[in-house]
Amino acid sequence: MKVSFWLLDIGYEVVEDSPEIRLWGFDGDGNRILVIDRSLTPYFYFAPKEGSVESLYDQITKLKGELPYIIRHHIVEKKIFGKPIKAIKVDCKNPDNLSKYANHLKKTLNAGSSFEDDVRFSMRYLVDKEVNPCSWMEFEVEEIKNENFRIDQIYLAKSNPKKLDGLAPPKFRVLSFDIIVYGVKGAAKAAQDPIIIISAMDNKGVKTQFISENKDDETIIEKFRNFVNEVDPDIVVSYEANQVHLPYLISRAESHGIDFSINRDGGVPHRSVYGHVSVTGRANLDLYDFSDEFPQVKVKSLENIAHFLGLLKTGESVVIDDFDIPSFWDAEENRQRLLRFSETRAQLVLQISQAILDNAIQLSTLVGLPLDHIGTAATGFKVEWYLMRHAHRIGELFPNRLEHPYYTYEGGLVLPPKPGIHNNVMVLDFKSMYPNIMISKNISPDTLIQPGEPEPPEGVWEAPKVGYRFRRAPSGFYKEVLTDLIKRRSEISIKMRELDEGSFEYRILDAQQRAIKLLTNATYGYAGWLGARWYSKAVAETTSAWGRETIQNTIKLAKVIGLEVIYSDTDSIFVVYDQAKVEELLERVKKALGLEIKPETIYRSILFTEAKKRYCGLLPDGRLDIVGLEVIRGDWAEVSKKVQEDVLGIVLRERDIKKAIEVVKKYISELRDRKTPFKDLIIWKTLTKPIEKYKVKTAHVEAALMLKKAGRSLSLGDKIGYIITLNGSKLYEKAKPYNFASWDEIDLDYYVENQIKPAALRILEQFNITSEELN
DNA sequence: TTGCAGTGAGACGCA
DNA sequence: TTTGCGTCTCACTGCAAC
């Protein structure tokens with residue numbers, strides 16, 4: 001019989017010595033099903049470093065008695081960096097030890113190198129069978145008996161999966177949850193501190209809370225486990241479950257000797273690759289891993305993201321600090337607030353998950369990584385998995401990751417701007433400049449011509465300045481991949497034009513094109529990443545060299561035509577708008593450089609200081625487009641950002657410097673009168689390394705130390721919020737965690753002289769205003 | 001001890 | 001665990017002047 005299937009999660013088990021792939025998902029009727037596929041044999045490749053592959057093959061044949069893990073081996077034709085090679089495909093019994101086997105083989109034969117022995121078996125399956133997660137496919141299957149798995153039906157695959165069309169994913173059951181821990185001093189330790197509240201909510205409106213009695217969490221963990229299995233969610237969502245909630249639940253359950261089996265195979269969640277926690281048969285999505293999708297939100301808390309998305313009323317305070325949890329719990333009259341707080345969090349998680357799910361699903365399908373890996377896998381790995389799939393299709397072996405010396409190279413070109421206010425400035429930019437250059441100059445690891453190597457008859461592209469040469473034909477690996485991506489994206493854009501923006505199809509296609517854009521734009525960076533399998537400094541260096549050449553020629557052309565160039569950064573130029581001249585420029589750039597430059601917005605006016613990468617433009621609709629300045633930085637006090645934004649607005653919209661000065665003075669006097677909201681004085685900075693590794697004393701590290709001393713646990717990447725007090729002389733001595741400080745110890749002068757004034761003067765200095773004039 | 005110039009650490013943003 | 005380019009603040013160092 002045939003079954004259509006949508007893949008949600010994938011895993012594998014070794015059952016009675018032979019491996020099976022387990023594909024968890026849905027059938028066409030919305031049943032939760034498991035398809036077991038036993039058709040794939042684990043393997044790796046083995047190739048001679050020198051000498052013939054045949055003699056290596058014979059050696060393995062002779063020694064087979066000593067190599068019990070090998071099922072069979074045979075010679076295959078492959079490529080490595082585009083060069084044809086013969087390799088031996090070594091089929092093995094156990095997928096868990098391929099690297100061990102490969103090393104053993106190398107030692108035993110004292111020859112050869114191995115390939116692809118580091119590919120996890122479930123990923124091996126997805127690549128080899130060309131299966132994309134979160135998409136529809138069809139299997140020929142045979143029903144088998146369900147032994148205690150939490151699903152409707154189990155099938156054994158009798159055929160390879162066949163791709164099916166269809167955009168719409170199944171209807172998911174989504175469960176969000178949040179836990180509250182009673183941790184004295186704010187730092188909860190799983191060994192001692194109990195969970196007091198577990199809030200859970202599903203997308204059908206079922207919500208519940210498990211509340212501990214006398215701080216005993218044994219019962220509520222069991223109840224929660226039962227609840228999860230009853231609701232039987234396909235997707236579990238949370239905020240920080242990967243790093244915090246799930247490990248905590250698992251550890252508490254262990255210490256009570258409770259079976260915390262919420263997996264669809266009856267097992268307990270476990271830590272897996274890329275630091276995510278796997279809940280077999282379901283997709284565990286931690287929204288924190290997706291918080292970079294909201295770059296405007298600087299401090300990535302659930303509440304801040306919710307505010308940003310308009311899910312909380314402005315000014316609505318729902319946050320209860322970890323530190324205060326015990327006191328809220330202990331005082332009967334406040335406990336209700338704690339309960340509401342936790343419930344709100346679960347609800348926000350559920351709401352936010354809807355904003356993220358479309359993109360996550362499309363990215364999963366495109367990249368080929370299972371849904372629960374998408375949030376945690378770094379960009380480099382997403383690009384790499386996409387490349388690996390393509391490599392497999394064209395018979396290219398996955399290169400091993402090698403150690404490369406660290407080496408920097410020249411990047412994009414940035415011109416100093418013309419300071420001051422300019423009117424009618426148009427931005428022109430090359431869309432996807434680097435990918436398009438890689439395509440047009442065929443820049444790829446497999447098209448690079450080594451020094452001394454003769455030029456092929458098809459000719460070469462020789463990079464300006466850096467001199468690397470790449471063959472013009474045939475098309476390289478990167479060119480093929482990027483051409484395909486760009487083509488797919490433009491096809492999607494065409495389809496989208498015919499659709500209603502609010503429609504389901506539009507939303508899905510938009511998510512698709514965003515996923516494609518992400519991969520396309522990351523490919524250049526990937527090529528220059530030391531950890532990349534297809535690392536090539538020549539590729540990265542050549543691409544940016546052609547980029548500089550392109551933008552320089554564009555600037556020259558603009559000047560020849562008579563356009564005034566105000567500024568340029570990497571792939572864009574800012575010119576004083578003149579319709580006829582701009583049109584001429586577009587024509588000539590296309591003709592001369594073979595790349596298209598696109599007109600963007602025309603700013604009614606734009607302000608530059610002497611600094612590169614910082615400016616503010618007034619858009620046609622009256623909004624400000626602020627780039628690089630303090631307003632959009634996360635490490636300035638809110639009060640400074642507000643001052644600067646107000647000043648920019650007045651300067652650009654009204655051109656009234658006097659008024660701007662008055663506004664600054666008002667901010668200063670409000671601060672001196674202590675009328676400024678306290679939270680507007682908090683400065684947030686990230687801990688970018690372990691505290692002991694810092695070489696110089698800094699305010700946020702000192703504040704972090706105080707938090708630690710008070711019992712708070714901190715980890716890498718945490719944002720520390722501090723304020724500057726009157727105590728001490730050095731700034732780092734004056735810093736104090738904001739929640740330990742009060743209004744009367746604030747160093748008002750610091751905020752005036754080092755926060756408000758610099759932010760305002762950054763703009764007003766352009767009009768010769770001095771610090772004294774703001775007093 | 002104070003002032004100050006020069007340098008580097010550190011954080012964050014742009015393309 | 002994508003790249004380089006760039007700004008800005010503050011700590012630290014060394015030196016001169018007091």
**Between B:dA15 (P) and A:K598 (NZ): distance, integer Å** = 18 Å

**Prompt:** What orientation do A:F574 and A:Y567 show, parallel under 30°, tilted 30 to 60°, or perpendicular over 60°?
**Reply:** perpendicular

**Asked** Got a sec, which pairs hit salt bridge (charged side-chain N to carboxylate O under 4.0 Å, His left out) with one end in residues 763-775 of chain A, sequence neighbours left out?
**Response** none

**Item:** A:H700 and A:Y694 aromatic ring geometry - parallel, tilted or perpendicular at 30°/60° bounds
**Value:** perpendicular

**Request:** Check for a donor-acceptor pair, side chain of A:Y478 on one end and backbone N or O of A:P435 on the other, with a separation under 3.5 Å.
**Result:** no

**Asked** Tell me: NZ of A:K465 to C1' of C:dG4, nearest whole Å?
**Response** 18 Å

**Request:** Check every strand shown and say whether A:W636 touches a base, only sugar-phosphate, or nothing at a heavy-atom separation below 4.0 Å.
**Result:** sugar-phosphate

**Atom-pair distance (NZ on A:K697; P on C:dC10), nearest Å** = 17 Å

**Item:** Between C1' of C:dT7 and CZ of A:F608, the distance in whole Å
**Value:** 15 Å

**Asked** Rounded to whole angstroms, how far apart are CG on A:L731 and C1' on C:dC8?
**Response** 14 Å

**Sugar-phosphate, base or nothing in reach of A:G525, heavy atoms under 4.0 Å** = base

**Complete:** From the candidates C:dC8, B:dA15, C:dC12, the one with an atom nearest any side-chain atom of A:T570 is B:dA15

**Prompt:** In whole angstroms, how far is the C1' atom of B:dA15 from the NZ atom of A:K517?
**Reply:** 12 Å

**Request:** Name all residues meeting the ring-ring contact (aromatic ring centres under 6.0 Å, His included) criterion together with A:Y732; count only those two or more places apart in sequence or in a different chain, and write none if there are none.
**Result:** none

**Message:** Do A:E745 and A:T725 pair up side chain to side chain, a donor and an acceptor below 3.5 Å, judged on atom types alone?
**Reply:** no

**Item:** d(OH, A:Y478; C1', C:dT2) in whole Å
**Value:** 10 Å

**Asked** Contact class for A:Y750 vs. all strands (heavy atom < 4.0 Å): base, sugar-phosphate, or nothing?
**Response** sugar-phosphate

**Heavy-atom protein contacts under 4.0 Å, nucleotides 4-14 of chain B, coded B base, S sugar-phosphate only, - none** = -----SSBBBB

**Complete:** The side chain to side chain donor-acceptor pair (under 3.5 Å) partners of A:R389 (sequence neighbours excluded) come to none

**Prompt:** Do A:P464 and A:R548 come close enough that some side-chain heavy atom pair is under 4.5 Å?
**Reply:** no

**Request:** Using a 4.5 Å cut-off on heavy atoms from C-beta on, say whether the side chain of A:Y722 contacts that of A:K685.
**Result:** yes

**Prompt:** Taking the side chain of A:Y409 as its heavy atoms from C-beta onward, which of C:dG4, B:dA15, C:dC8 lies nearest to it?
**Reply:** C:dG4

**Asked** Regarding A:S444 and A:K479, is there a side-chain donor-to-acceptor distance under 3.5 Å anywhere?
**Response** no

**Request:** Check whether any side-chain nitrogen or oxygen of A:N754 sits under 4.0 Å from OP1 or OP2 of C:dC10, and answer yes or no.
**Result:** yes

**Request:** Apply the test side chain to side chain contact (heavy atoms under 4.5 Å, CB included) to residues A:T601 and A:D625: give CA-CA distance (whole Å), side-chain angles for both, the deciding distance (0.1 Å), then the verdict.
**Result:** CA-CA 11 Å; A:T601 38; A:D625 189 11; 5.6 Å; no

**Asked** With a 4.0 Å cut-off on heavy atoms, is A:A540 in touch with a base, just the backbone sugar-phosphate, or nothing at all?
**Response** nothing

**Sugar-phosphate only, base, or nothing, as touched by A:F381 at under 4.0 Å among non-hydrogen atoms** = base

Are there any protein N/O atoms within less than 3.5 Å of an N/O atom in nucleotides 15-18 of chain C, and if so, which ones and at what distance?
none

**is_close_aromatic(A:W546, A:Y468), centroid dist under 6.0 Å** = no

**Request:** Look at all strands and tell whether A:R401 reaches a base, only sugar-phosphate, or nothing, counting heavy atoms closer than 4.0 Å.
**Result:** nothing

**Prompt:** Tell me, which stems hold DNA chain C, with a stem being 3 or more Watson-Crick or G-U pairs in a row and both distances under 3.5 Å?
**Reply:** B:1-15 with C:3-17

**Prompt:** Nearest-Å distance, NZ (A:K730) to C1' (C:dT9)?
**Reply:** 13 Å

